[in-house]
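Data first, discussion second: the structure below is written as structure tokens.
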Amino acid sequence: MNLSLVLRKTKKILAEFVSFVLGAQEKFVMRHRILNGTLLAGIIAMGVGLSSEFFREGFEIVGLVALWVAFGFAIFFYYLARFKHQFKILILPTFIISSLTSFLQIQYSGGIVSANVMLLAPILVLNMLILGKKFDWLAIVFFVSAVFTLNYIQIDHPDWFSDYSTDKARREDFLITGISILFLLGLMLRTLNRSYEDAIGEVSRLKYQQDGDYYLTSLLTRPLSGIRIHSKTVQFQTYIKQKKAFQFKNREYELGGDICVADQIVLRGRSYCVFANGDAMGKSMQGAGGVLVFGTAFRALVERTHREGILSGYYPERWLHTALSDLNDVFEGFEGSMSMSLLLGLVDEENGFLYYINAEHPFPIRYREGKASFLSEEATNFKLGMKKDKARIETCWIRPGDTIVIGSDGRDDLSIGIDAEANRVINMDHTSILSQVEASAGEIEVLGERLQKVGELTDDLSLLSIRFRPQPQWDTNSREKGLEEPIRLLKKNNDIEALTLLTNYADVYSSDPAVWKLLYRVYRKLEKPAEAGQAAENFSNHHPSGLQMILDGAIQYAKASLIEEAIDMAERIYSRKPEVIPVIRILSRLYKKSKRPDKAEEYQKEILRLQNGSAKP
């Protein structure tokens, strides 16, 4: 058997012995293991002292009795602590007996006070550890007081202490005292080291396990976020800096509750980019749980739109309402334990028109010609999972050269310094982000880095930017020439001839809103409400900011008895302008005709609420 094998077996045996003596790692806290080690050290130290009494001069019966009493109590206390787990009742007796034993030894061990007082040093440290942070000052006060008291008594009353008659006895006493101290200190340090090693090992094991959980969660969230768009006209960029950073298998990862995601869907034959920037409640694992829930629900919603004809037949406003309602239903299932602020939107790939809902998310920013401003300084809905409400749809045009910047509240909640009372100062000015957007020229990578230089992040930070670069659709000269003759005919009231020319023109330039506006006028004059409604709808598809034409389309559809089409058009206006009472009246009448009296009554109550609200001073 070679030496290395012997050493390994010996080390294993010693480790098992120490674990037995101090207690199993999974059963005891560090303080209890230190108490066990203290009692064992006292047993061994007093055993050495008892043995020395039989082989040296100056034997004193009182000192021997004190050692025997302390030795017996130490064994009994160790049994209670190690096997009966009686810790609280043993702390004070251990403190008292260890101190009294030292005093008796000092008095009856030959008067070598300078040597015997050394015994109090390791006893002091052990008692401090046993008492804990709350009462360890008692041990220090007691130790200092005892040293000064002993010194004073020895000077004034030297006869109170025993003395040896020979130098040999003194040397033996000093030697035994030194050996006891060294042994006691060694065992104490070993006890501490073992306890700390076990604690650090346990912490390391838990840390590794936690990082593994973080890593797995980050793998799950990764495919749920990001940009899945290959659009020729709309460009997205994202920047995410999660507050929680961790290392797993020598690689750095991040985990948090922010998410940026974008995808493509088709609604009523038109291609839209759907995007979302969300901030889930909580940080690290809790926030990541919200991201998992939202990302999964969002992905399922997009897939449903791709596969189901119902969702793909919605107008953008209705699709956003439906999406918000579905996402809110998912978060409501957590009964308030999980929520998310959100900005959810659609961008028309053809004309760059933006629709969005703000669910208590920081205000979106438009950077145009070197200036940054908020699109709207109002949240239009509650957070997901908090409360259901009729969200208002916000809209705007994204012009070529514009940059829309959307971000979580990490962009505002920056630690910008320390006040006079050493408290951290958090930025409370939500408009300060505008100057940072201007300084970064709308580039979110630069913006993210600038924000971290301005102050320390106190929350997850996510940024999403949108740009629109339109593709040429028609030649301007051809468009003007193509509409000159129909306009001339309409002025002469030659509506039939103008209709023919406009219909042919619409077949070639179907994305030109001007032709649909002219066709609407012609169909209306010819009293063809169904065709007029369709023309108004086509106009609104290419020029969606024209609310009046959407309303005209609803009216024409209603005249043609196309009630559902009329409702859809009117609901588009209501979703953007819920305070316009004439539109609500039209919806109420339309729902009555569609034999849905509950919806009609709901809108009648809304009219009364708005009227009462406007009547208040």
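Predicted, not measured: the structure shown is a model, and the values here were computed from it.
- Counted within 6.0 Å of CG on L219, heavy atoms from surrounding residues, nucleotides or ligands total more than 12; the atom is thus considered enclosed.
- Between N351 and T233 the shortest side-chain heavy-atom distance does not fall below 4.5 Å.
- Applying the ring-ring contact (aromatic ring centres under 6.0 Å, His included) test to every pair with at least one member in residues 435-472, sequence neighbours left out, gives no pairs at all.
- Under the 4.5 Å side-chain criterion, counting only non-hydrogen atoms from C-beta, T221 is not in contact with I259.
- Every ring-ring contact (aromatic ring centres under 6.0 Å, His included) that F294 has, sequence neighbours left out, goes to F298.
- The backbone N or O of W516 lies less than 3.5 Å from no partner atom in the side chain of N538, so there is not a single donor-acceptor pair.
- Heavy atoms of other residues, nucleotides or ligands lying less than 6.0 angstrom from CZ of R270 number more than 12.
- We find the CD-CD1 distance between Q548 and I573 to be 7.5 Å, quoted to the nearest 0.5 Å.
- Considering only residues two or more places apart in sequence or on other chains, F248 meets the ring-ring contact (aromatic ring centres under 6.0 Å, His included) condition with Y208, Y215.
- Side-chain N or O atoms of S510 include none that pairs as donor or acceptor with a backbone N or O of D507 at under 3.5 Å.
- Residues satisfying the salt bridge (charged side-chain N to carboxylate O under 4.0 Å, His left out) test with E564, not counting sequence neighbours, are R596.
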Just list the side-chain donor-acceptor pairs under 3.5 Å for residues 409-418, sequence neighbours left out, or say none.
unit_1, atom_1, unit_2, atom_2, d
R411, NH1, F363, O, 3.3
R411, NH2, F363, O, 2.8

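- Judged by distance alone, the side chain of E531 and the main-chain N or O of Y523 form no donor-acceptor pair under 3.5 Å.
- Atom CD1 of I444 sits about 10.0 Å away from atom CD1 of I466, to the nearest 0.5 Å.
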So E565 and R572, salt bridge (charged side-chain N to carboxylate O under 4.0 Å, His left out) or not? Walk me through it.
-> CA-CA 11 Å; E565 287 81 354; R572 295 184 68 184; over 6 Å; no
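- Using modelled atom types, one finds a donor on one side chain and an acceptor on the other under 3.5 Å when comparing N493 with K525.
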Check the pair L483, D512 against side chain to side chain contact (heavy atoms under 4.5 Å, CB included), reporting the backbone distance first and the verdict last.
-> CA-CA 11 Å; L483 292 177; D512 184 0; 4.1 Å; yes
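- Considering only heavy atoms from C-beta on, L320 comes within 4.5 Å of I393 through its side chain.
- Looking at residues two or more places apart in sequence or on another chain, you find no ring-ring contact (aromatic ring centres under 6.0 Å, His included) involving Y520.
- Between C260 and N277 the shortest heavy-atom distance is SG-ND2, 3.4 Å.
- Contact annotation: the side chain of R576 approaches that of I550 to within less than 4.5 Å [non-hydrogen atoms, C-beta and beyond].
- Interatomic distance, E606 CD to E601 CD, rounded to the nearest 0.5 Å: 12.5 Å.
- Summarising the geometry, atom CD1 belonging to I229 is positioned 4.0 Å from atom SG belonging to C273; distances are rounded to the nearest 0.5 Å.
- Formation of a donor-acceptor pair under 3.5 Å by the Q452 side chain with backbone atoms of G448 is found in this model.
- Taken from CG in L434 to CG in D429, the straight-line distance is 8.5 Å, to the nearest 0.5 Å.
- Other residues, nucleotides and ligands place no more than 12 heavy atoms under 6.0 Å from the CZ atom of R524.
- Within a 6.0 Å radius of NZ in K528, other residues, nucleotides and ligands contribute 12 heavy atoms or fewer.
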Could you walk me through whether D258 and K241 pass the salt bridge (charged side-chain N to carboxylate O under 4.0 Å, His left out) check?
-> CA-CA 9 Å; D258 279 17; K241 180 66 177 177; over 6 Å; no
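- Side chains of R467 and Q235: no donor on one and acceptor on the other come within 3.5 Å.
- Atom CE in M281 sits 8.5 Å away from atom NZ in K383 (nearest 0.5 Å).
- Here the side chain of S408 pairs a donor or acceptor atom with the backbone of S462 at under 3.5 angstrom.
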Determine, stepwise, if the pair T238 / L463 fulfils side chain to side chain contact (heavy atoms under 4.5 Å, CB included).
-> CA-CA 6 Å; T238 62; L463 300 169; over 6 Å; no
Check: residues 577-593 side-chain donor-acceptor pairs under 3.5 Å, at least two apart:
unit_1, atom_1, unit_2, atom_2, d
S588, OG, A600, O, 3.3
S588, OG, Q604, NE2, 3.0
Y591, OH, E571, OE2, 2.7

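- Screening residues 563-586 for ring-ring contact (aromatic ring centres under 6.0 Å, His included) gives Y574-Y603 as the qualifying pairs, with residues at least two apart or on separate chains.
- L346 places none of its side-chain heavy atoms less than 4.5 Å from the side chain of F353.
- Y356 places a side-chain heavy atom less than 4.5 Å from the side chain of L375.
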Checking salt bridge (charged side-chain N to carboxylate O under 4.0 Å, His left out) for the pair E485/R488: CA distance, chi angles, key distance, verdict?
-> CA-CA 5 Å; E485 183 63 17; R488 187 183 65 81; 2.2 Å; yes
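- When each of V515, L519, T500 is checked for a side-chain contact (heavy atoms from CB on, under 4.5 Å) with Y505, only V515 meets the rule.
- I567 has its side chain within reach of I563: a pair of non-hydrogen atoms, C-beta onward, lies under 4.5 Å apart.
- With S325 contributing its side chain and H321 its backbone, the two residues share no donor-acceptor pair below 3.5 Å.
- F236 is linked by a ring-ring contact (aromatic ring centres under 6.0 Å, His included) to F275, counting only residues two or more places apart in sequence or in another chain.
- In this structure, S435 contributes its side chain and S432 its backbone to a donor-acceptor pair below 3.5 Å.
- Taking a 6.0 Å sphere around CD of E377, one finds it holds more than 12 heavy atoms contributed by other residues, nucleotides or ligands.
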Donor-acceptor pairs under 3.5 angstrom involving side-chain atoms of residues 261-268: please list them, not counting sequence neighbours.
unit_1, atom_1, unit_2, atom_2, d
D263, OD2, R228, NH1, 3.4
D263, OD2, R299, NH1, 2.5
Q264, NE2, E349, OE1, 3.4
Q264, NE2, E349, OE2, 2.9
R268, NH1, G313, O, 2.9
R268, NH2, Y315, OH, 3.4
R268, NH2, E537, OE2, 2.6

Atom pairs and distances, side-chain donor-acceptor, residues 336-344, under 3.5 Å, sequence neighbours left out:
unit_1, atom_1, unit_2, atom_2, d
S337, OG, F334, O, 2.7
S341, OG, H361, ND1, 3.0

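- Panel note: side chain N494, backbone L490; no donor-acceptor pair is recorded below 3.5 Å.
- For M386, the CE atom is loosely surrounded, since the number of other residues' heavy atoms within 6.0 Å does not exceed 12.
- Note: F539 and H543 have tilted aromatic rings, judged against thresholds of 30 and 60 degrees for the angle between ring planes.
- For residues 366-376, every residue pair satisfying the side chain to side chain donor-acceptor pair (under 3.5 Å) rule, not counting sequence neighbours, is listed here: R368-D402.
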